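Read through the structure below, which is laid out as C-alpha coordinates, and then see the notes.
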Amino acid sequence: MRLMTFATLPTALSVGFLAIALAMPIAPAAAGTPVRVTRFHLGTPIAPAPIAIQSGVGNDPQSLEQQQFATAVAAELERLGFARPVMDANGASTDAAAPLLATVTVKRESRDETAPNKPMQIGLGGGGFGGSVGGGIGVGFGVGKRATRTFYMTELFVQIRRRVDGGAIWEGRALMEVNARAKDAQPNVMINKLTRALFLGFPGQSGRTITVK
(Lines give C-alpha, C1' and ligand atoms only; values in the text may rest on other atoms or scores of the structure.)
Protein backbone atom coordinates (compact mmCIF):
# COMPACT_ATOMS: atom_id res chain seq x y z
CA MET A 1 0.00 0.00 0.00
CA ARG A 2 1.29 3.45 -0.95
CA LEU A 3 1.41 6.14 1.72
CA MET A 4 -0.45 9.32 0.76
CA THR A 5 1.79 12.10 2.02
CA PHE A 6 2.00 15.90 2.01
CA ALA A 7 4.26 15.64 -1.03
CA THR A 8 1.71 13.58 -3.00
CA LEU A 9 -1.33 15.72 -2.25
CA PRO A 10 -3.08 17.30 -5.28
CA THR A 11 -1.85 20.79 -6.09
CA ALA A 12 -5.12 22.37 -4.93
CA LEU A 13 -4.58 20.92 -1.47
CA SER A 14 -0.84 21.53 -1.27
CA VAL A 15 -1.10 24.92 0.41
CA GLY A 16 2.19 26.60 1.37
CA PHE A 17 3.34 26.93 4.96
CA LEU A 18 2.82 30.68 5.08
CA ALA A 19 -0.58 30.54 3.38
CA ILE A 20 -1.87 28.01 5.90
CA ALA A 21 -0.51 30.02 8.78
CA LEU A 22 -2.14 33.23 7.59
CA ALA A 23 -5.47 31.43 7.29
CA MET A 24 -5.37 30.36 10.93
CA PRO A 25 -7.42 32.38 13.40
CA ILE A 26 -5.23 34.66 15.51
CA ALA A 27 -5.77 34.10 19.21
CA PRO A 28 -5.40 36.89 21.77
CA ALA A 29 -2.30 36.77 23.92
CA ALA A 30 -4.24 35.48 26.92
CA ALA A 31 -6.04 32.69 25.08
CA GLY A 32 -4.75 29.21 24.31
CA THR A 33 -3.22 29.08 20.84
CA PRO A 34 -4.74 26.44 18.52
CA VAL A 35 -2.54 23.94 16.70
CA ARG A 36 -3.51 22.57 13.28
CA VAL A 37 -2.49 18.94 12.84
CA THR A 38 -2.56 16.65 9.79
CA ARG A 39 -1.32 13.04 9.72
CA PHE A 40 -0.91 10.41 6.98
CA HIS A 41 -0.36 6.67 7.35
CA LEU A 42 -1.06 3.35 5.66
CA GLY A 43 -4.16 2.55 7.70
CA THR A 44 -2.55 -0.51 9.26
CA PRO A 45 -1.38 -0.91 12.89
CA ILE A 46 2.06 0.56 13.60
CA ALA A 47 3.86 -1.77 15.98
CA PRO A 48 6.14 0.06 18.46
CA ALA A 49 9.82 -0.74 17.94
CA PRO A 50 13.20 0.85 18.70
CA ILE A 51 13.42 4.13 16.83
CA ALA A 52 16.26 6.54 16.10
CA ILE A 53 15.80 10.32 15.79
CA GLN A 54 17.47 12.50 13.18
CA SER A 55 17.16 16.12 12.03
CA GLY A 56 15.54 17.00 8.73
CA VAL A 57 17.17 18.71 5.78
CA GLY A 58 17.98 22.34 6.53
CA ASN A 59 17.92 21.89 10.31
CA ASP A 60 21.10 22.08 12.38
CA PRO A 61 21.19 19.05 14.70
CA GLN A 62 23.57 20.96 16.99
CA SER A 63 21.22 23.92 17.56
CA LEU A 64 19.55 24.16 20.96
CA GLU A 65 16.08 24.52 19.42
CA GLN A 66 16.48 21.47 17.21
CA GLN A 67 17.73 19.40 20.13
CA GLN A 68 14.76 20.50 22.22
CA PHE A 69 12.34 19.48 19.48
CA ALA A 70 14.11 16.13 19.02
CA THR A 71 13.98 15.46 22.76
CA ALA A 72 10.27 16.32 22.92
CA VAL A 73 9.47 14.09 19.92
CA ALA A 74 11.50 11.25 21.46
CA ALA A 75 9.56 11.62 24.73
CA GLU A 76 6.21 11.39 22.92
CA LEU A 77 7.36 8.34 20.95
CA GLU A 78 8.57 6.67 24.15
CA ARG A 79 5.18 7.34 25.72
CA LEU A 80 3.65 5.48 22.77
CA GLY A 81 5.97 2.50 23.29
CA PHE A 82 8.73 3.29 20.77
CA ALA A 83 11.98 2.58 22.60
CA ARG A 84 14.94 4.90 22.18
CA PRO A 85 18.22 3.22 21.15
CA VAL A 86 20.75 3.09 23.99
CA MET A 87 24.50 2.74 24.29
CA ASP A 88 25.89 -0.76 23.93
CA ALA A 89 28.47 -2.39 26.24
CA ASN A 90 31.27 -0.57 24.42
CA GLY A 91 29.65 2.84 24.85
CA ALA A 92 28.65 3.11 21.19
CA SER A 93 25.18 4.24 20.13
CA THR A 94 22.87 1.57 18.78
CA ASP A 95 20.94 4.05 16.61
CA ALA A 96 22.09 2.32 13.43
CA ALA A 97 20.47 -0.91 14.60
CA ALA A 98 17.04 0.62 15.21
CA PRO A 99 14.49 -0.68 12.67
CA LEU A 100 12.65 2.65 12.57
CA LEU A 101 13.88 6.17 11.88
CA ALA A 102 12.05 9.39 12.78
CA THR A 103 13.05 12.56 10.94
CA VAL A 104 12.25 15.81 12.75
CA THR A 105 12.01 18.98 10.64
CA VAL A 106 11.21 22.43 12.04
CA LYS A 107 10.34 25.60 10.12
CA ARG A 108 9.91 29.01 11.72
CA GLU A 109 8.80 32.36 10.34
CA SER A 110 7.64 35.65 11.81
CA ARG A 111 5.42 38.44 10.59
CA ASP A 112 4.38 41.85 11.87
CA GLU A 113 0.81 43.07 11.92
CA THR A 114 0.06 46.77 12.29
CA ALA A 115 -3.32 47.70 13.73
CA PRO A 116 -5.15 50.58 11.99
CA ASN A 117 -5.64 53.78 13.96
CA LYS A 118 -9.14 54.66 15.11
CA PRO A 119 -9.93 58.05 13.55
CA MET A 120 -10.69 61.00 15.83
CA GLN A 121 -13.81 62.92 14.78
CA ILE A 122 -13.97 66.70 15.16
CA GLY A 123 -17.20 68.54 14.32
CA LEU A 124 -17.43 72.26 13.46
CA GLY A 125 -20.78 74.06 13.55
CA GLY A 126 -22.02 77.63 13.18
CA GLY A 127 -25.20 79.73 13.42
CA GLY A 128 -26.51 83.01 11.77
CA PHE A 129 -27.89 86.20 13.31
CA GLY A 130 -31.62 86.54 13.29
CA GLY A 131 -32.20 83.41 11.28
CA SER A 132 -31.89 79.68 11.40
CA VAL A 133 -28.86 79.38 9.22
CA GLY A 134 -26.45 76.64 10.32
CA GLY A 135 -23.69 74.50 8.93
CA GLY A 136 -21.43 71.65 10.03
CA ILE A 137 -18.20 70.05 8.98
CA GLY A 138 -16.89 66.67 10.21
CA VAL A 139 -13.20 65.89 10.06
CA GLY A 140 -11.63 62.51 10.85
CA PHE A 141 -7.95 61.70 11.14
CA GLY A 142 -5.67 59.20 12.86
CA VAL A 143 -3.83 60.19 15.99
CA GLY A 144 -0.74 58.59 17.51
CA LYS A 145 1.58 55.79 16.49
CA ARG A 146 -0.01 52.61 15.19
CA ALA A 147 0.58 49.50 17.32
CA THR A 148 2.52 46.64 15.76
CA ARG A 149 2.24 43.03 16.89
CA THR A 150 4.67 40.24 15.99
CA PHE A 151 3.49 36.69 15.35
CA TYR A 152 5.64 33.55 15.24
CA MET A 153 4.67 30.73 12.88
CA THR A 154 6.17 27.34 13.70
CA GLU A 155 5.76 24.09 11.79
CA LEU A 156 6.82 20.71 13.18
CA PHE A 157 7.03 17.87 10.66
CA VAL A 158 7.87 14.30 11.68
CA GLN A 159 8.18 11.32 9.35
CA ILE A 160 8.65 7.71 10.51
CA ARG A 161 10.30 5.35 8.03
CA ARG A 162 11.46 1.76 7.96
CA ARG A 163 15.24 1.67 7.93
CA VAL A 164 15.41 -1.52 5.86
CA ASP A 165 13.81 -0.02 2.74
CA GLY A 166 13.27 3.66 3.57
CA GLY A 167 9.52 3.31 3.21
CA ALA A 168 7.43 5.90 5.08
CA ILE A 169 4.81 4.43 7.41
CA TRP A 170 3.62 7.62 9.13
CA GLU A 171 4.08 11.35 8.89
CA GLY A 172 2.48 14.30 10.59
CA ARG A 173 2.59 18.06 10.51
CA ALA A 174 1.66 20.46 13.34
CA LEU A 175 1.36 24.19 12.69
CA MET A 176 0.91 27.03 15.16
CA GLU A 177 0.84 30.81 14.87
CA VAL A 178 1.21 32.68 18.14
CA ASN A 179 1.44 36.27 19.35
CA ALA A 180 5.05 36.92 20.35
CA ARG A 181 3.87 38.20 23.73
CA ALA A 182 1.75 35.15 24.52
CA LYS A 183 2.81 32.47 26.96
CA ASP A 184 2.63 29.92 24.13
CA ALA A 185 5.46 31.80 22.37
CA GLN A 186 7.93 30.72 25.06
CA PRO A 187 10.18 28.05 23.47
CA ASN A 188 9.56 25.27 25.99
CA VAL A 189 5.79 25.85 26.01
CA MET A 190 5.60 26.05 22.21
CA ILE A 191 7.69 22.91 21.67
CA ASN A 192 5.70 20.82 24.14
CA LYS A 193 2.38 22.05 22.73
CA LEU A 194 3.32 21.22 19.13
CA THR A 195 4.68 17.75 19.90
CA ARG A 196 1.76 16.75 22.13
CA ALA A 197 -0.74 17.93 19.54
CA LEU A 198 1.09 16.10 16.76
CA PHE A 199 0.98 12.73 18.52
CA LEU A 200 -2.46 13.14 20.11
CA GLY A 201 -4.51 10.03 19.36
CA PHE A 202 -1.60 8.47 17.41
CA PRO A 203 -1.63 7.50 14.60
CA GLY A 204 -4.69 9.69 14.00
CA GLN A 205 -7.11 9.70 11.09
CA SER A 206 -5.10 9.70 7.88
CA GLY A 207 -5.55 12.78 5.71
CA ARG A 208 -7.74 14.68 8.18
CA THR A 209 -6.77 18.09 9.58
CA ILE A 210 -7.78 18.71 13.17
CA THR A 211 -7.43 21.67 15.51
CA VAL A 212 -5.99 21.01 18.96
CA LYS A 213 -6.40 23.72 21.59
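Basis for what follows: all heavy atoms, side chains included, without hydrogens, waters or symmetry-related copies. Keep in mind the model is a prediction, meaning the values are calculated, not measured.
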Check your understanding: Does any non-hydrogen side-chain atom of I169 lie less than 4.5 Å from one of L100?
Key -> yes

**Study point:** Check: P99 main-chain N/O paired with R162 side-chain donor or acceptor under 3.5 Å
**Key:** no

Review point. So, does S206 use its side chain to make a donor-acceptor pair with the main chain of H41 at under 3.5 Å?
Key: yes

Revision key, fill the gap. Which of T33, N188, D184 passes side-chain hydrogen bond (donor to acceptor under 3.5 Å, both in side chains) with K193? It is D184

Point to revise | L80-F69 co-clustered via ILVMFWY side chain contacts under 4.5 Å | key: yes

Study note, to complete from the structure: The reported gap from CD1 in I191 to CD in Q186 (rounded to nearest 0.5 angstrom) is 11.5 Å

Review point. Any link between L42 and L101 through a network of hydrophobic side chains (Ile, Leu, Val, Met, Phe, Trp, Tyr) touching at under 4.5 Å?
Key: no

Review point. CZ/R208 to CZ/F40 distance, rounded to the nearest 0.5 angstrom?
Key: 13.0 Å

Review point. Quick one: CG on L198 to CG on L175, what's the gap to the nearest 0.5 Å?
Key: 11.5 Å

Exercise for review: Identify the heavy atoms of T154 and R108 that sit nearest to each other, and give their distance.
Suggested key: OG1-NE, 3.2 Å

Check your understanding: Would the number of heavy atoms belonging to other residues, nucleotides or ligands and lying under 6.0 Å from CZ of R196 be above 12?
Key -> no

Practice item. Can you see which heavy atom on N179 is nearest to which on A185, and at what distance? Key: O-CB, 3.5 Å

Review point. Taking the six-membered ring for Trp, are F202 and W170 parallel (under 30°), tilted (30 to 60°) or perpendicular (over 60°)?
Key: tilted

Check your understanding: So, do F157 and T103 sit near enough that their side-chain heavy atoms are less than 4.5 Å apart?
Key -> no

Point to revise | Nearest non-hydrogen partners of R84 and A74, listed with the distance | key: NH1-CB, 3.1 Å

Review point. I53 and A70: which non-hydrogen atoms are nearest, and at how many Å?
Key: CG2-CB, 4.0 Å

Check your understanding: About how many Å separate CG of N59 and CD of Q67, when rounded to the nearest 0.5 Å?
Key -> 12.0 Å

Point to revise | For T211 against R36, the heavy-atom pair lying closest together | key: OG1-CG, 4.2 Å

**Study point:** Interatomic distance, R161 atom CZ to E171 atom CD [nearest 0.5 angstrom]
**Key:** 10.5 Å

Study note, to complete from the structure: So CD of Q68 and CD of E65: to nearest 0.5 Å the spacing works out to 7.5 Å

Practice item. I would like to know whether T195 and L156 meet side chain to side chain contact (heavy atoms under 4.5 Å, CB included); could you show each step before the answer? Key: CA-CA 8 Å; T195 52; L156 170 63; 3.6 Å; yes

Check your understanding: Do D95 side-chain atoms and A52 backbone N/O form a donor-acceptor pair below 3.5 Å?
Key -> no

Practice item. Check whether any side-chain heavy atom of R39 sits under 4.5 Å from a side-chain heavy atom of F199, and report yes or no. Key: no

Point to revise | R111/E113 ion pair, N-O < 4.0 Å | key: yes

Point to revise | Minimum heavy-atom distance M176-L194, with the two atoms named | key: CB-CD2, 3.8 Å

